[in-house]
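Here's the structure, in structure tokens; my notes come after.
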Amino acid sequence: MTQMTRRSLLGLTLAAPALILSTRAALAKEPAIYAEGGIAIDGSDAVAYFDNNGPVAGSASHAVSWNGAEWHFASAANAETFKANPTAYAPQFGGYCAYAASLGYVAPTMPEAWTLYDGKLYLNANLRARELWLKDVPGNIAKGEANWPGILG
């Protein structure tokens, strides 16, 4: 049986934080786009947020593959609009919760918790997160953009 000395115990204690951090980095990365079951933004039509002022259910019959996810649209015209310029219509922060991104982590979103700001779509985890997001949209965007490169790993 191996005996633990004070020196080896101290070394193990000092190494523990590094082990925890390296383990976290080794975990699977989050996908670039929040997509439950491979379908982005819960199947909502991203273009419709801009045209119809809110979420509209998309259809698999008008689907577009982009950035590792399947995007659904309410019409063939909206699918074509998205295909022509997906970054103009896709939600910021990969469709993850914008408020969570401002705090340095990812969270799922719901289609009804949304904001259009400066021509960009932002989604939130729920209506309470949206309420907090709306208290300082420009500041939260700046924090989210600063955090975003390191969030997905």
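Nothing here was measured: the structure is a model prediction, and the numbers come from that model. In this chain, numbering begins with 1 at the start of the sequence shown.
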Which distance, rounded to the nearest 0.5 Å, do you find between the CZ of F93 and the OG1 of T109?
13.0 Å

Check whether any side-chain N or O of N140 sits under 3.5 Å from a backbone N or O of D136 as a donor-acceptor pair, and report yes or no.
yes

Give me the atom names and distance for the closest heavy-atom approach of A69 to I33.
CB-CG2, 3.8 Å

So, using side-chain contact (heavy atoms from CB on, under 4.5 Å) as the criterion, who are the partners of N53 when residues are at least two apart?
W114

Could you tell me the separation between the CG atom of D45 and the OG atom of S75, rounded to the nearest 0.5 Å?
6.5 Å

Side-chain heavy-atom pair W148, V106 within 4.5 angstrom cut-off:
yes

Can you sort out the partners of E145 under side-chain hydrogen bond (donor to acceptor under 3.5 Å, both in side chains), two or more places apart, ordered by chain and number?
none

Between N126 and R128 (side chain of the first, backbone of the second, donor and acceptor by atom type, cut-off under 3.5 Å), is there such a pair?
yes

Any side-chain heavy atom of Y96 within less than 4.5 Å of one from L152?
yes

Are V64 and E70 close enough that some pair of their side-chain heavy atoms sits under 4.5 Å apart?
no

Can you measure from CG (N78) to CG (D51) and round to the nearest 0.5 angstrom?
5.5 Å

Minimum heavy-atom separation for N147 and G104, please, with both atom names.
ND2-N, 3.3 Å

Can you tell me how far CD of Q92 sits from CG of D118, rounded to the nearest 0.5 angstrom?
10.5 Å

With distance as the sole test, does S44 use its side chain to make a donor-acceptor pair with the main-chain N or O of P55 at under 3.5 Å?
no

For residues C97 and P108, report the shortest heavy-atom separation together with the two atoms involved.
CB-O, 3.9 Å

Distance-only, no hydrogens or angles: does the W71 side chain make a donor-acceptor pair with backbone N or O of W66 under 3.5 Å?
yes

Side-chain (S59) to main-chain (S61) donor-acceptor, under 3.5 angstrom
yes

Y122: which of Y49, W133, Y99 passes side-chain contact (heavy atoms from CB on, under 4.5 Å):
W133

